[in-house]
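In what follows, a single structure is set out as C-alpha cells and then discussed.
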Amino acid sequence: YPSDLLVMSIVRQNIGRRPIVWASTTGKSYGGLGDYVVQRGMGFEVLPSRPDTTSAGLDMRRLAGVPLDVRTTEGLAWGTYRYAGLLDGDEASFESSASFASASLATPLVQLVYAYVARNDRDKMERAIDAAVRLSPNPGIRSALRALAFQSGDSLVAR
C-alpha cells in the first residue's frame, strides 16, 4: 500500500536520527515494526533496536500490544499533559469531540493503573484510577477501575 511505503520511507530516513512516534489514535499496526515499539504516554515510539524486556522501567502487560515505558508515561501524564478542565467536568456531559479526546487521554492512565497494581503502589494506583475514571467516557472501564480499587484495599471516593 502507498501508506506502508510512506511509513517505511520515514523510518528509513529517520531511525536513529530523531524519534519516530505514532499517536495512540492512529492504530496499532506500526508498519510491521511492533517488536521495536514502546509506548510512552499517548505515543508509540519505534526504537532502533528491540526494547530490553528485562528493564524494570517497562511494564510488559502489553495492554496496547507493546511494552509501556512507565517513567516516561508518568512524566507525561502528571507533568506534561494539560487536561483542559476534563478532570473537573462530568464525563457523561462531554460532547463527542471532548469525549474522544478524553478517552485518548485516559488510555495511558488506565495502563499506569495496571503497572502500579503489579508494583503494589497503592498511592499511585489511586491517583491514576481517579484521573482515568474522570476522563474515560467508557462505563465498562470506569467500573473495572473502581472494582480494582475496591479489591485492593481501602475504598476510594466513587464518582
Any residue meeting salt bridge (Lys or Arg N to Asp or Glu O under 4.0 Å) with R50, in chain and number order, not counting sequence neighbours: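 D35.
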Listed partners of R71 passing salt bridge (Lys or Arg N to Asp or Glu O under 4.0 Å), at least two apart: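 Testing R71 for salt bridge (Lys or Arg N to Asp or Glu O under 4.0 Å), a comparison that skips the adjacent residues, returns none.
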side-chain contact (heavy atoms from CB on, under 4.5 Å) between W78 and L109, intermediate numbers included: CA-CA 10 Å; W78 307 124; L109 293 167; 3.6 Å; yes
Side-chain donor-acceptor pair present, S136, N138, cut-off under 3.5 Å: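 Side-chain D/A pair, S136 to N138: absent.
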Side-chain H-bond candidate by donor/acceptor type, Q111 with T107, under 3.5 Å: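 Judged by distance alone, the side chains do not pair up.
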Short side-chain to backbone donor-acceptor contact, R127 and D123, under 3.5 Å: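 Checked: no pair found.
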Holding to side chain to side chain donor-acceptor pair (under 3.5 Å), I want the full list of residues that pass it with [X], two or more places apart in sequence or in another chain.
| X | value |
| --- | --- |
| E74 | Y116, K124 |
| T72 | D69 |
| R18 | N14 |
| T80 | none |

Nearest 0.5 Å please: distance from the [atom1] atom of [X] over to the [atom2] atom of [Y].
| X | Y | atom1 | atom2 | value |
| --- | --- | --- | --- | --- |
| L105 | L87 | CG | CG | 8.5 Å |
| L145 | Y114 | CG | OH | 5.5 Å |
| I129 | I141 | CD1 | CD1 | 13.0 Å |
| E126 | R122 | CD | CZ | 4.0 Å |
| Q39 | F44 | CD | CZ | 3.5 Å |

Pairs flagged by salt bridge (Lys or Arg N to Asp or Glu O under 4.0 Å) wherever residues 101-112 is involved - sequence neighbours left out: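 For residues 101-112: none.
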Hphob cluster co-occupancy, L6 + M8, side-chain heavy atoms under 4.5 angstrom: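 Shared cluster, no.
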Which atoms form the tightest heavy-atom contact between [X] and [Y], and what is the distance?
| X | Y | result |
| --- | --- | --- |
| L58 | D52 | CD1-O, 3.3 Å |
| A106 | A132 | CB-O, 4.1 Å |
| A149 | M125 | CA-CE, 4.2 Å |
| G41 | T73 | N-OG1, 2.9 Å |

Under the rule for side-chain contact (heavy atoms from CB on, under 4.5 Å), what residues qualify as partners of [X], not counting sequence neighbours?
| X | result |
| --- | --- |
| S143 | none |
| V46 | I15, I20, W22, L33, Y36, V37 |
| A115 | D59, V70 |
| T53 | M60, R62 |

Criterion salt bridge (Lys or Arg N to Asp or Glu O under 4.0 Å) on R134 and D130, from CA distance to verdict: CA-CA 6 Å; R134 291 172 186 268; D130 183 55; 3.1 Å; yes
Would you say the side chain of [Y] lies within less than 4.5 Å of the side chain of [X], judging by non-hydrogen atoms?
| X | Y | answer |
| --- | --- | --- |
| E45 | L47 | yes |
| V38 | V66 | no |
| M42 | L76 | no |

Under 4.5 Å side-chain linkage, directly or through intermediates, the cluster mates of V21: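 Noted: V21 shares its cluster with no other residue.
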